[in-house]
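Data first, discussion second: the structure below is written as structure tokens.
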Amino acid sequence: MARLAALLMTLSLGAIAAGEPEFALSIENHKFTPDRIEVPAGKKVKLLVENKDATPEEFESSALKIEKVIPGKSKATIFIGPLKPGEYKFVGEFNEKTAKGVIVAK
């Protein structure tokens with residue numbers, strides 16, 4: 001039984017280590033930082049989005065088919081991909097004039 005538990009623990013740690021690449025994105029003063037993120041093409045990736053503003057913002061990308069409201073002073077995780085090489089624009093729908101960005105898959 002102890003060997004089985006050790007094997008399961010090893011397999012779980014391997015799965016964690018082999019997880020998706022992570023990229024941090026923040027929203028502050030109704031702007032995304034960074035406003036350009038390069039990700040590997042052909043791989044699923046994880047965006048860790050922190051909204052530092054007091055007001056909510058909606059991460060929206062028609063190219064990625066994603067809409068996610070991120071409440072003020074909170075964090076969200078968004079999975080994207082795998083993506084073909086190219087550029088994928090996104091906006092903060094509640095502040096489209098200032099909250100803009102692009103994900104570049106290479």
Quick one: do Arg36 and Glu38 make a salt bridge, cutoff under 4.0 Å?
->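 A salt bridge links Arg36 with Glu38.
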In sequence, state the C-alpha distance, the side-chain angles, and the governing distance for Val102 and Asp35, and then conclude on side-chain contact (heavy atoms from CB on, under 4.5 Å).
-> CA-CA 6 Å; Val102 64; Asp35 62 358; over 6 Å; no
Enter the distance from Leu64:CG to Ile103:CD1 here, rounded to the nearest 0.5 Å.
->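 It comes to 5.0 Å.
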Mind checking the CG-CD spacing from Asp53 to Glu28? Nearest 0.5 Å is all I need.
->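 CD of Glu28 is found 6.5 Å from CG of Asp53.
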Output yes when a side-chain donor or acceptor of [X] lies under 3.5 Å from a complementary backbone atom of [Y], and no otherwise.
X: Glu20; Y: Phe79; value: no
X: Lys73; Y: Lys52; value: yes
X: Thr98; Y: His30; value: yes

List the steps and the verdict of side-chain contact (heavy atoms from CB on, under 4.5 Å) for Ile37 and Val104.
-> CA-CA 6 Å; Ile37 298 175; Val104 181; over 6 Å; no
Say whether Phe94 and Phe90 are linked into one hydrophobic cluster, either directly or through other cluster members, by side-chain heavy-atom distances under 4.5 angstrom.
->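 No.
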Identify, with sequence neighbours excluded, every residue that meets side-chain hydrogen bond (donor to acceptor under 3.5 Å, both in side chains) alongside Lys31.
->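 Not a single residue meets the side-chain hydrogen bond (donor to acceptor under 3.5 Å, both in side chains) criterion with Lys31.
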Which residues satisfy the side-chain hydrogen bond (donor to acceptor under 3.5 Å, both in side chains) test with Asn51, sequence neighbours excluded?
->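 By the side-chain hydrogen bond (donor to acceptor under 3.5 Å, both in side chains) rule, Asn51 matches no residue at all.
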Find out whether [X] and [Y] are in side-chain contact, i.e. whether some heavy atom of one side chain is under 4.5 Å from a heavy atom of the other.
X: Lys43; Y: Pro82; value: no
X: Glu67; Y: Glu58; value: yes
X: Phe32; Y: Ser26; value: no

Audit row: Leu83, Tyr88, side-chain contact (heavy atoms from CB on, under 4.5 Å) steps and yes/no | CA-CA 9 Å; Leu83 301 175; Tyr88 301 84; 4.0 Å; yes
For Thr33 and Leu25, what are the C-alpha separation, side-chain angles and deciding distance, and is it a side-chain contact (heavy atoms from CB on, under 4.5 Å)?
-> CA-CA 6 Å; Thr33 303; Leu25 183 64; over 6 Å; no
Which atom pair, heavy atoms only, marks the closest approach of [X] to [Y]?
X: Glu96; Y: Val91; value: CG-CG2, 4.0 Å
X: Ala41; Y: Lys84; value: CB-C, 4.4 Å
X: Thr77; Y: Lys46; value: CG2-CG, 3.4 Å
X: Ser61; Y: Lys89; value: OG-O, 2.8 Å
X: Asn95; Y: Glu57; value: ND2-OE1, 2.7 Å
X: Pro40; Y: Phe23; value: CD-CZ, 3.8 Å

Of all residues at least two apart in sequence or in a different chain, which pass the salt bridge (charged side-chain N to carboxylate O under 4.0 Å, His left out) check with Glu50?
->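 Once residues adjacent in sequence are excluded, Glu50 has no partner under the salt bridge (charged side-chain N to carboxylate O under 4.0 Å, His left out) criterion.
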